J.: 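My structure is below; once you've seen it, I'll send some questions.
We're numbering straight along the sequence, starting at 1. Predicted model, so just to flag it, every value in this text is computed and none were measured. Counting starts at 1 for both ligands and their atoms, in listed order.
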Amino acid sequence: MSKVGIIMGSKSDLPVMQDAIDILKELNINTEVDIVSAHRTPDKMFDYGKHAHERGISVIIAGAGGAAHLPGMVASLSPLPVIGVPVKSSNSIDGWDSVLSILQMPGGVPVATVALNGAKNAGILAAQIIGSADKTVLDRVIQYKEGLKTKVIESSKDLNN
Ligand code: RP5
């Protein structure tokens with residue numbers, strides 16, 4: 001079964017990245033979570049980027065903050081789709097540094113960048129990528145979206161009660 005690899009530059013990113021772990025658990029998709037720092041463990045990052053696809057990982061979610069080089073560097077090393085999560089970390093000035101470090105990739109090396117701290121959407125996007133080739137996962141995504149619709153309809157009913 002497909003797995004999503006979730007990596008982050010530091011354990012301090014975990015409170016944000018937990019949203020990706022949680023939504024993928026809810027969608028019943030296996031994850032492999034690790035800390036991989038582009039700057040502090042560059043050899044581990046190279047190894048991860050080169051070999052993740054060989055052990056059943058089909059999408060990578062990479063979160064980092066500040067000078068956030070992890071998603072882009074992993075995208076340069078891996079044939080897998082990489083979803084980048086900009087984190088508003090302690091070394092981030094205002095979040096824009098994290099966003100732009102991940103977003104502005106050169107042609108040929110895409111990183112699908114979600115919103116600042118948008119790890120939940122990264123998880124959903126990873127599920128949708130897997131779901132495009134796996135009917136069981138696609139059905140779970142459809143159900144999840146139905147749930148979103150129901151919640152909005154229910155909350156608007158509450159307004160007039
Ligand atoms: C980045 O630096 C990490 O992804 C994290 O967002 C930020 C701060 O890391 P720590 O100093 O908290 O370990 O590389």
J.: Quick check on Ile93: does its CD1 atom have over 12 non-hydrogen neighbours (other residues, nucleotides or ligands) under 6.0 Å away?
T.: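 Check fails, neighbour count at 12 or below.
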J.: With clusters built from Ile, Leu, Val, Met, Phe, Trp and Tyr whose side-chain heavy atoms come within less than 4.5 Å, directly or transitively, what are the remaining members of the cluster of Leu138, listed by chain and number?
T.: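 Besides Leu138, the hydrophobic cluster comprises Ile142, listed by chain and residue number.
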J.: Walk me through whether Asp94 and Lys88 qualify under salt bridge (charged side-chain N to carboxylate O under 4.0 Å, His left out).
T.: CA-CA 7 Å; Asp94 57 4; Lys88 189 165 183 322; over 6 Å; no
J.: When you look for heavy atoms under 4.0 Å from ligand 1, do you find them on the side chain of Met8, its backbone, both, or neither?
T.: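 No part of Met8 is near ligand 1 at this cut-off.
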J.: May I ask you to identify the nearest protein heavy atom to atom 14 (O) of ligand 1, giving residue, atom name and distance to one decimal place in Å?
T.: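 Looking only at protein heavy atoms, the one closest to atom 14 (O) of ligand 1 is Gly65 O, 4.1 Å.
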J.: Give the residue, atom name and distance (to 0.1 Å) of the protein heavy atom nearest atom 11 (O) of ligand 1.
T.: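 The answer is Arg40 NH2, 3.1 Å.
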J.: Let me confirm one number: the CD-OG1 distance from Gln143 to Thr150, rounded to the nearest 0.5 Å.
T.: 10.5 Å
J.: Quick one: look up the protein heavy atom nearest atom 5 (C) of ligand 1 and list residue, atom name and how far away it is.
T.: Asp13 OD1, 3.3 Å
J.: Please work out whether any backbone atom (N, CA, C, O) or any side-chain heavy atom from C-beta onward of Ser12 is under 4.0 Å from ligand 1, and answer side chain, backbone, both or neither.
T.: side chain
J.: Quick one: look up the protein heavy atom nearest atom 7 (C) of ligand 1 and list residue, atom name and how far away it is.
T.: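 Answer for atom 7 (C) of ligand 1: Asn91 OD1, 3.2 Å.
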J.: Report the part of Val87 (side chain from C-beta onward, or backbone N, CA, C, O) that has a heavy atom under 4.0 Å from ligand 1; answer both or neither where that applies.
T.: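 No part of Val87 is near ligand 1 at this cut-off.
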J.: Are Lys149 and Glu146 within salt-bridge range, i.e. N to O under 4.0 Å?
T.: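 So Lys149 pairs with Glu146 through a salt bridge.
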J.: Quick test of your reading: applying ring-ring contact (aromatic ring centres under 6.0 Å, His included), list the pairs with at least one residue in residues 61-99, sequence neighbours left out, ordered by first then second residue.
T.: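 Qualifying pairs: His39-His69.
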